[in-house]
S.K.: 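Starting off with a structure, shown below.
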Amino acid sequence: MPGLAIIGAGFAGIGMAIKLKEAGYHDFVILEKATELGGTWRDNTYPGCACDVPSHMYSYSYELNPGWSRMFSPQEEIWGYLRSCADKYGVTPHIRYGKRVASLEYDDAARDWSVTTDDGATFRTNAVVSAIGALHIPKFPEIAGREQFAGPAFHSAEWDHSIDLTGKRVAVIGTGASAIQFVPRIAPVAGSLTVFQRTPPWIQPKPDFAFSPAAHRALRLPGLARAIRGALYWALESRALGFAVDPRLMKGHEKLALKHLDAQVPDPALRRKLTPDYLIGCKRILISSDYYPALTRPNVELVTDAITEIRPHSIVDATGAEHEVDVIVYGTGFKVVDALQEQRIVGRGGLKLQDAWQDGIESYYGISTAGFPNLFFLLGPNTGLGHTSVVFMIESQVRYVIDCLRLLSRTRARAVDVRPGAQRAFGRRLHERLDPLVWNAGGCTSWYLDEHGVNRTIWPGFAFEYWARTRKVRPEAYELIY
């Protein structure tokens, strides 16, 4: 029986394992549903897939990589980085592949968790770390006739590389972070490309470039990579002023985005279609320097009317226009708020996670939830960011979980369970801060919000605030179970 089980072998799961071993905890397993590690960076293989955070920030602080090929690394490079970290720090032997977790159930008498996987295997463990992340369950739009389409249709996170798009009539539904990366790659090869846009995103230029051999040599000088990471950190943190302090401070970001749009889209009619009518920042700000030019190609059409029906060989919009298509690519994002809700997790006294969250997802710093002892979430509710690297948040959460484990060792308790009062107080403070900020401004709707319009995704402040508040566990916030 392992002392701890980690679910998921992406950035969060691998980072948790590395720090467990460093802290002297070697009795753990990582349960990974796939046949390889990597999480998001294993699954997303669409053309042009890359990070939208600078490479030197999108990495572990203790494992800097002076060899990144570009300022914004491509998918394969990030995936390779994760694999090399797992090997270097001795994590790979702890991974059990093909182990999709079907349920977690807490045993009140034994004070431990029963973990069941899809293959029927069951084992017990003292603690569980859920490192599944939020961007892994593809979301498809509810459109009449979607299942009746006769041609190939797939989500960007499940890209079908067997389909040759050359000369095909391709439809892209959705214009989010993935679509603005793959549209420029498929537009030159498609016979025609029809992009269906529901809401135009705010897009700023992407300051991407390849590192020269001289730059790679310089980055290997002692301290230089660390200095660049520090400069990037504070540059990105400064972007949070408009998010975390006052929405009016987003004006500079808006001007940059509009200038970018004006420079890249000369056609005023197309420019109007691409101009957002909501406050910048309430949805994810995207970065791209080749998306707008792709939309100006003669074989590309942007449709902003709603889709009313999908037929076997066409898509019908709200004007009644029928668009003949051979292939549909869905760039419609992920089930973010529902990612944890769909898990079968049963805590103390038979409490189901869905019942605990029936009035909305609530947690303590996105890590602990009352009624679920020794269950820790990485990248849990309200720990996402709109301005900098989530790897920074993961490292803060990993350190906090290890501090909880050390509290157990010091007190010889079997489990810790966050007190409902501490969780409610934290949630109240969190939403008092969130409500007046950019994500709720002007009736803006986004995937950050749940069905009640409540932001359950984003941390409403600077990343260093979260780091400071999670540096040490407050024992009084937890009930110790012996």
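All residue numbers in this chain count up from 1 along the given sequence.
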S.K.: List the residues meeting salt bridge (charged side-chain N to carboxylate O under 4.0 Å, His left out) with E142, not counting sequence neighbours, and say none if there are none.
M.R.: none
S.K.: Less than 4.5 Å apart, side chain to side chain, heavy atoms only: is that true for K352 and E105?
M.R.: no
S.K.: Tell me the closest heavy-atom pair linking A157 and P138, and the distance in Å.
M.R.: CB-CG, 4.3 Å
S.K.: Quick one, T117 with R100, criterion side-chain contact (heavy atoms from CB on, under 4.5 Å). Give me CA distance, side-chain angles, the key distance, then yes/no.
M.R.: CA-CA 5 Å; T117 53; R100 183 188 295 271; over 6 Å; no
S.K.: Restricting to side chain to side chain contact (heavy atoms under 4.5 Å, CB included), what partner residues turn up for R412, sequence neighbours left out?
M.R.: none
S.K.: Evaluate the side-chain proximity of Y25 to L405: yes if any heavy-atom separation is below 4.5 Å, no if none is.
M.R.: yes
S.K.: Working to the nearest 0.5 angstrom, can you tell me the gap between L286 CG and I180 CD1?
M.R.: 4.0 Å
S.K.: CG of D27 to NZ of K21: how many Å apart, nearest 0.5 Å?
M.R.: 11.0 Å
S.K.: Looking at Y466, W467, F392, which one forms a ring-ring contact (aromatic ring centres under 6.0 Å, His included) with W459?
M.R.: Y466
S.K.: Should we count CZ of R198 as having more than 12 external heavy atoms under 6.0 Å?
M.R.: no
S.K.: Using the ring pair (Phe, Tyr, Trp, His ring centres under 6.0 Å) criterion, which residues pair with F140? Sequence neighbours excluded.
M.R.: H155, Y330
S.K.: Please report the interatomic distance OG(S289) to CD1(I203), rounded to the nearest 0.5 Å.
M.R.: 10.0 Å
S.K.: For K472 and D403, which heavy atoms make the closest approach, and how far apart are they?
M.R.: CA-OD2, 3.4 Å
S.K.: Does H94 reach the main-chain N or O of F28 with its side chain, forming a donor-acceptor pair under 3.5 Å?
M.R.: yes
S.K.: Could you check whether any side-chain N or O of S55 sits under 3.5 Å from a backbone N or O of M71, counting only pairs where one atom can act as donor and the other as acceptor?
M.R.: yes
S.K.: Please examine the side chains of W202 and K283, heavy atoms only from C-beta on, and report whether any two atoms are closer than 4.5 Å.
M.R.: no
S.K.: Taking A415's backbone N and O only, do any of them form a donor-acceptor pair with R111's side chain (distance below 3.5 Å, no angle check)?
M.R.: no
S.K.: Using a 3.5 Å distance criterion without hydrogens, assess whether the side chain of R414 forms a donor-acceptor pair with backbone atoms of A110.
M.R.: yes
S.K.: Provide the closest heavy-atom pair for T175 versus A179 in the form atom of the first, atom of the second, distance.
M.R.: CA-CB, 3.8 Å
S.K.: Test your reading of the model: is there a side-chain donor-acceptor pair from Q397 to the backbone of L379, 3.5 Å cut-off?
M.R.: yes
S.K.: Could you state the interatomic distance from CG (N382) to NE2 (H431), rounded to the nearest 0.5 Å?
M.R.: 5.0 Å
S.K.: For Y106 and L104: C-alpha separation, side-chain torsions, deciding distance, then whether side-chain contact (heavy atoms from CB on, under 4.5 Å) applies.
M.R.: CA-CA 7 Å; Y106 186 73; L104 302 172; over 6 Å; no
S.K.: Could you give the distance from CG (L434) to CG (N455), rounded to the nearest 0.5 Å?
M.R.: 5.0 Å
S.K.: Compare every heavy atom of S156 with every heavy atom of G331, then report the nearest pair and how far apart it is.
M.R.: CA-OG, 4.1 Å
S.K.: Is the backbone N or O of G371 less than 3.5 Å from a side-chain atom of D417, with the two atoms forming a donor-acceptor pair by type?
M.R.: yes
S.K.: Do R124 and D107 sit within salt-bridge range, that is, some charged N less than 4.0 Å from a carboxylate O?
M.R.: yes
S.K.: Under a 4.5 Å cut-off applied to non-hydrogen side-chain atoms, are T388 and E237 in contact?
M.R.: yes
S.K.: How far does CG of L378 sit from OG of S396, to the nearest 0.5 angstrom?
M.R.: 11.0 Å
S.K.: Not counting sequence neighbours, which residues clear ring pair (Phe, Tyr, Trp, His ring centres under 6.0 Å) with Y400? List them please.
M.R.: none
S.K.: Got a sec, which residues hit ring pair (Phe, Tyr, Trp, His ring centres under 6.0 Å) with F376, two or more places apart in sequence or on another chain?
M.R.: none
S.K.: Would you call R419-E476 a salt bridge at under 4.0 Å N-O?
M.R.: no
S.K.: Once you measure the plane-to-plane angle for W234 and F464, does it fall in the parallel (<30°), tilted (30-60°) or perpendicular (>60°) bin?
M.R.: tilted
S.K.: Answer yes or no: is there a side-chain heavy-atom contact under 4.5 Å between R348 and I481?
M.R.: yes
S.K.: Quick one: list whatever passes ring pair (Phe, Tyr, Trp, His ring centres under 6.0 Å) with W79, sequence neighbours left out.
M.R.: none
S.K.: Tell me, with the steps shown, if W68 and Y58 meet ring pair (Phe, Tyr, Trp, His ring centres under 6.0 Å).
M.R.: CA-CA 11 Å; W68 293 118; Y58 201 84; 8.5 Å; no
S.K.: Examine distances only and state if a side-chain atom of E479 and a backbone atom of V416 form a donor-acceptor pair shorter than 3.5 Å.
M.R.: no
S.K.: Using a distance-only test with no angle check, is there a side-chain donor-acceptor pair under 3.5 angstrom linking N65 and S59?
M.R.: no
S.K.: Pick one: which of H161, E158, Q181 meets side chain to side chain donor-acceptor pair (under 3.5 Å) with Y46?
M.R.: Q181
S.K.: Check whether any side-chain heavy atom of I228 sits under 4.5 Å from a side-chain heavy atom of L219, and report yes or no.
M.R.: yes
S.K.: I'd like to check the salt bridge (charged side-chain N to carboxylate O under 4.0 Å, His left out) partners of R185; sequence neighbours left out, ordered by chain and number.
M.R.: none
S.K.: Between T116 (side chain only) and A102 (backbone N and O only), is there a donor and an acceptor less than 3.5 Å apart?
M.R.: no
S.K.: For D119, check salt bridge (charged side-chain N to carboxylate O under 4.0 Å, His left out) against everything at least two apart and list the hits.
M.R.: K99
S.K.: Sequence neighbours left out, what pairs pass salt bridge (Lys or Arg N to Asp or Glu O under 4.0 Å) with at least one residue falling in residues 58-83?
M.R.: E63-K88, R70-D208
S.K.: Going by ring-ring contact (aromatic ring centres under 6.0 Å, His included), Y365 matches just one of F426, F377, Y478. Which one?
M.R.: F426
S.K.: Extract all donor-acceptor atom pairs below 3.5 Å that involve side chains of residues 29-40 and protein atoms in other chains or at least two apart in sequence.
M.R.:
{"from": "E32", "atom 1": "OE1", "to": "A9", "atom 2": "N", "distance (Å)": "2.8"}
{"from": "E32", "atom 1": "OE2", "to": "A34", "atom 2": "N", "distance (Å)": "2.9"}
{"from": "E32", "atom 1": "OE2", "to": "R42", "atom 2": "NH1", "distance (Å)": "3.1"}

S.K.: Could you tell me whether a side-chain N or O of Q75 sits under 3.5 Å from a main-chain N or O of W41, the two making a donor and an acceptor?
M.R.: yes
S.K.: Taking C-beta and beyond as the side chain, do N374 and N126 meet within less than 4.5 Å on heavy atoms?
M.R.: yes
S.K.: Looking at every heavy atom in both A356 and F372, which two are closest together, and how far apart are they?
M.R.: CB-CE1, 3.8 Å
S.K.: Does one side chain, of T369 or S363, offer a donor that lies under 3.5 Å from an acceptor on the other?
M.R.: no
S.K.: Looking at residues at least two apart in the chain, or sitting in another chain, which of them share a side chain to side chain contact (heavy atoms under 4.5 Å, CB included) with E395?
M.R.: Y60, S61, Y62, R229, V391
S.K.: For the residue pair I361 and P381, what are the closest heavy atoms and their distance?
M.R.: CG2-CG, 3.0 Å
S.K.: Is the closest side-chain heavy-atom distance between S130 and I6 below 4.5 Å?
M.R.: no
S.K.: Excluding sequence neighbours, so at least two apart, what forms salt bridge (charged side-chain N to carboxylate O under 4.0 Å, His left out) with E362?
M.R.: none
S.K.: Does this structure show an ion pair linking R429 with E432, if we count only N-O contacts that are shorter than 4.0 Å?
M.R.: no
